[in-house]
There are 4 protein chains.
Amino acid sequence: MTDNARRRSRERLEERERGILDAATKLFATAGFHATSTRKIAAAAGVSEGTVFHYFGSKNELMLGILDRFYNEVLNPRAAEILDTIMDTRGRLRALAMHHVSSLAADNALMMRLLQVYVGVDLEILGQDKQSPLRDLNRSYVGHLDRAVREGVERGDLRNNLETRPLRDLFFGTLEYGLRTHMYRHGTEGLDAYVDALLQPLWEGLSNSDSPATPTELLTERLEKACERLERTSERWEKS
Amino acid sequence: MTDNARRRSRERLEERERGILDAATKLFATAGFHATSTRKIAAAAGVSEGTVFHYFGSKNELMLGILDRFYNEVLNPRAAEILDTIMDTRGRLRALAMHHVSSLAADNALMMRLLQVYVGVDLEILGQDKQSPLRDLNRSYVGHLDRAVREGVERGDLRNNLETRPLRDLFFGTLEYGLRTHMYRHGTEGLDAYVDALLQPLWEGLSNSDSPATPTELLTERLEKACERLERTSERWEKS
Amino acid sequence: MTDNARRRSRERLEERERGILDAATKLFATAGFHATSTRKIAAAAGVSEGTVFHYFGSKNELMLGILDRFYNEVLNPRAAEILDTIMDTRGRLRALAMHHVSSLAADNALMMRLLQVYVGVDLEILGQDKQSPLRDLNRSYVGHLDRAVREGVERGDLRNNLETRPLRDLFFGTLEYGLRTHMYRHGTEGLDAYVDALLQPLWEGLSNSDSPATPTELLTERLEKACERLERTSERWEKS
Amino acid sequence: MTDNARRRSRERLEERERGILDAATKLFATAGFHATSTRKIAAAAGVSEGTVFHYFGSKNELMLGILDRFYNEVLNPRAAEILDTIMDTRGRLRALAMHHVSSLAADNALMMRLLQVYVGVDLEILGQDKQSPLRDLNRSYVGHLDRAVREGVERGDLRNNLETRPLRDLFFGTLEYGLRTHMYRHGTEGLDAYVDALLQPLWEGLSNSDSPATPTELLTERLEKACERLERTSERWEKS
DNA sequence: GATGAATGAGCCTTCATTCAT
DNA sequence: GATGAATGAAGGCTCATTCAT
């Protein structure tokens with residue numbers, strides 16, 4: 001077998017694997033995990049049922065494969081990129097949020113259900129004590145938020161009494177719940193604006209009002225000083 | 001049939017219905033909806049399989065029955081009571097949060113999964129016409145939060161730029177996500193304290209900063225007074 | 001439900017169970033356990049596949065059901081009867097052998113394979129350490145041979161140095177192996193005569209040669225009589 | 001290709017074939033024919049699945065290959081050797097029995113199951129035309145016993161009324177059944193002694209009691225003669 | 001009203017076998 | 001010759017639901 005042939009062969013394999021993952025993702029997202037039979041997945045991917053099991057030993061592993069790809073190819077890379085290119089804490093959180101929501105909303109607009117349902121239910125039961133590969137993936141992804149927060153606190157952008165865990169829940173809980181309710185009503189229409197509406201009060205709760213960084217703060221400072229001068233002036237005047 | 005007999009008969013029916021609901025709730029909560037067969041439910045309830053279908057028509061309706069009871073007998077009554085007895089906005093939110101979380105956590109500590117999974121997945125598909133009775137139940141329950149917020153704004157406890165919908169997501173999204181992650185790690189242990197940890201930053205983001213607690217507020221006050229004096233002075237000068 | 005109806009109902013159930021067992025027995029015997037699908041069994045029994053599993057939780061238990069019935073309704077009762085009505089040891093062994101062989105040979109002439117294969121293979125693996133119900137059945141059945149031998153020894157019909165276990169192997173091993181080879185060649189034709197041909201040398205090896213049937217026995221008789229005469233003669237002489 | 005290269009190539013092929021046979025034998029013996037997939041065999045042999053089929057065409061033929069090798073390399077050669085080196089009939093039977101039993105018991109101590117199951121079940125069905133190569137192998141192997149018996153009869157060691165076929169069943173049936181029951185209880189422990197315990201009564205049933213070999217016989221003869229003399233004497237006396 | 005036997009479609013998975021490389 | 005990806009039929013089994021009793 002020539003190198004060329006081998007490469008082509010490998011490409012075909014990967015293409016097939018991708019095809020199965022795509023089909024399964026779409027079907028799981030559309031109809032749910034339990035309502036999607038392996039037969040349907042095979043048919044949708046244009047392969048035989050046996051092939052599905054050839055690539056992913058079981059329906060469960062197929063699901064894990066989907067999530068794995070999702071984390072490794074979508075969630076994590078962009079999250080890392082965001083932290084590398086944006087330094088402003090507020091901007092970082094906003095970008096992370098947008099990324100998270102839009103990623104979940106892609107893929108038939110319901111990829112998110114996957115996580116909710118599958119992770120929430122089946123894995124939590126089946127892999128209760130063992131450290132499933134999913135936990136690692138999730139941990140690394142969540143780490144990006146943790147880092148943004150940590151650095152935000154260091155810079156004085158965020159309050160310094162924020163605990164990591166509640167913060168994650170605040171952030172992801174709000175976003176995913178909000179994504180669900182919004183999409184239930186309007187689909188992806190106006191999703192970005194809605195995320196901003198969610199982030200606004202969140203930011204208020206997290207940001208450090210002592211920080212001079214924001215325009216309001218700077219303005220306040222100037223006002224403060226101006227005020228002091230005014231007060232002194234007016235006092236002098238009154239006395240005179 | 002005497003009235004007595006009729007009453008006793010009705011009571012027996014209701015007792016049976018309750019028994020089935022109890023069994024199903026526990027099983028669904030423990031093993032999940034799909035992993036619980038109607039046979040198991042019947043066995044756990046001490047009735048025949050046919051009887052389950054006599055009372056609930058289908059497994060789906062049985063699930064709806066569970067949720068219906070949950071809203072009507074657990075969630076809603078206590079929420080209403082909270083609003084009736086607590087007037088303080090902060091206290092109200094806290095009580096609603098505690099109530100929500102502990103209700104979900106009860107029933108084998110996993111009733112919550114029910115909602116997440118079933119509502120999130122199957123009903124959203126089956127009842128896509130958006131007319132499911134569940135929507136009404138949910139709307140009425142969410143209404144309690146809405147009311148607490150509305151009145152909080154009216155009293156000046158909360159910012160007046162808060163929109164209803166994002167706020168719901170902020171509140172319930174954070175709580176349910178937090179409940180899930182917390183219970184995954186520690187079960188119900190320390191759940192109350194954790195809810196407080198979640199609420200703290202949330203409150204910061206929602207409450208009205210007119211309160212004299214924050215520096216900005218104090219400054220504003222001073223500015224306001226300075227302004228008044230300046231205005232008075234300038235008026236005097238103009239007159240002179 | 002009247003008593004009559006209940007009885008009729010029970011009868012129908014038992015008839016169905018019997019029907020499934022019959023169909024499965026015939027198919028297993030004809031094609032072997034692994035080559036017979038539960039679908040085929042259901043079809044042959046005229047019921048749905050689900051019904052088969054309704055009665056016998058699994059294919060394995062169905063097999064156990066067959067064997068159980070075989071032991072309880074065929075093998076054991078007649079074996080007990082044989083020991084109750086025949087006292088002669090040789091006759092007992094012959095009757096037990098005939099009964100064993102013809103029972104195995106009935107039921108599509110291959111019921112025996114069932115035991116060989118299924119017991120020999122699957123149960124020995126699956127139920128290796130647990131005392132399967134099958135072991136009890138088999139023990140009770142084998143007990144009949146044990147009793148015939150024990151009593152045969154007590155009466156002096158059999159050698160008194162016979163151990164139980166090797167004897168069982170000698171008896172059942174020979175019969176089943178012989179049954180198999182004979183049926184492979186001639187079917188059930190001349191089976192009885194063949195069993196006799198098997199028993200003949202077996203009996204030689206087991207029976208007590210003191211018995212008057214054998215030359216030694218005859219000799220002994222003669223010796224005894226001769227002795228008596230000698231004794232009488234010698235007595236006479238002593239008196240004279 | 002040089003002769004050397006060709007030879008080496010052939011050796012490699014044979015080594016491969018042997019490897020597959022070894023792996024399959026062990027797996028079949030351990031887990032049974034049906035529970036062993038060709039995939040497992042290939043993996044255990046360190047070759048690809050396709051290769052297995054290259055060498056053996058089908059799983060069935062692979063099994064035949066195992067049995068063929070077993071007869072040709074294990075059973076037959078040693079049986080022939082036994083008859084060539086041992087002349088004493090009793091010793092021959094004992095050696096053949098030991099050889100048979102220990103051969104079956106080798107190979108993970110369960111090779112025997114192979115025969116029982118596979119031969120008993122599937123081949124009898126698949127090769128119903130009675131032309132399977134297995135029959136020839138088996139016939140030639142059984143021939144060794146036949147020869148030992150024939151010559152035993154000629155020498156007067158065995159009764160002369162023994163038929164060939166029942167005798168085979170007596171011999172192999174007892175041994176295999178006994179092997180199975182013994183191994184079920186004690187594994188290979190004490191197997192030799194048990195075979196002796198099986199052979200003892202068997203021998204009694206087969207050996208020629210006319211043979212002057214045993215003490216009892218000798219004594220009986222003397223007694224017989226003594227008896228005759230006594231009888232004659234006593235008769236004479238009575239007449240006188 | 002209550003029962004539970006009966007259903008049969010459908011599920012996930014396995015497997016011997018084929019064939020292009 | 002050797003590979004192993006691909007196949008698809010078949011397997012045992014489950015389950016919500018129906019209906020005669």
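In the text below, chain A, chain B and the rest are named by the order of the sequence lines, each starting its count at 1.
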| note | Walking DNA chain E from its 5' end, the first of Arg39(A) and Tyr55(B) to be reached, judged by nearest nucleotide, is Tyr55(B)
How many Å lie between [atom1] on [X] and [atom2] on [N], as a whole number?
X: Phe53(B); N: dC15(F); atom1: CZ; atom2: P; value: 12 Å
X: His54(A); N: dT17(E); atom1: NE2; atom2: C1'; value: 14 Å
X: His34(B); N: dA16(F); atom1: NE2; atom2: P; value: 10 Å
X: Arg16(C); N: dG4(E); atom1: CZ; atom2: P; value: 17 Å
X: Phe56(A); N: dT13(E); atom1: CZ; atom2: P; value: 13 Å
X: Glu61(B); N: dA16(F); atom1: CD; atom2: C1'; value: 13 Å
X: Arg12(A); N: dA5(F); atom1: CZ; atom2: P; value: 12 Å

| request: Can you sort out the partners of Ala44(A) under side chain to side chain contact (heavy atoms under 4.5 Å, CB included), two or more places apart, ordered by chain and number? | output: Ala23(A), Leu27(A)
| said: Among residues at least two apart in sequence or on other chains, which ones pass side chain to side chain contact (heavy atoms under 4.5 Å, CB included) with Glu14(A)? | reply: Arg10(A), Arg18(A)
| note | All stems that DNA chain E takes part in, i.e. 3 or more consecutive Watson-Crick or G-U pairs with distances under 3.5 Å, are E:2-21 with F:2-21
| What side chain to side chain donor-acceptor pair (under 3.5 Å) pairs are there with at least one residue in residues 42-52 of chain B, not counting sequence neighbours? | Arg39(B)-Glu49(B), Ser48(B)-Thr51(B)
| task | Specify the residues of residues 40-51 of chain C, ordered by number, for which at least one heavy atom lies under 4.0 angstrom from an atom of DNA chain E. | result | Val47(C), Ser48(C), Gly50(C), Thr51(C)
| Side-chain heavy-atom pair Ile41(C), Val47(C) within 4.5 angstrom cut-off | no
| field | Cation over ring face, Lys59(A) and Phe28(A), 6.0 Å, 45° | value | no
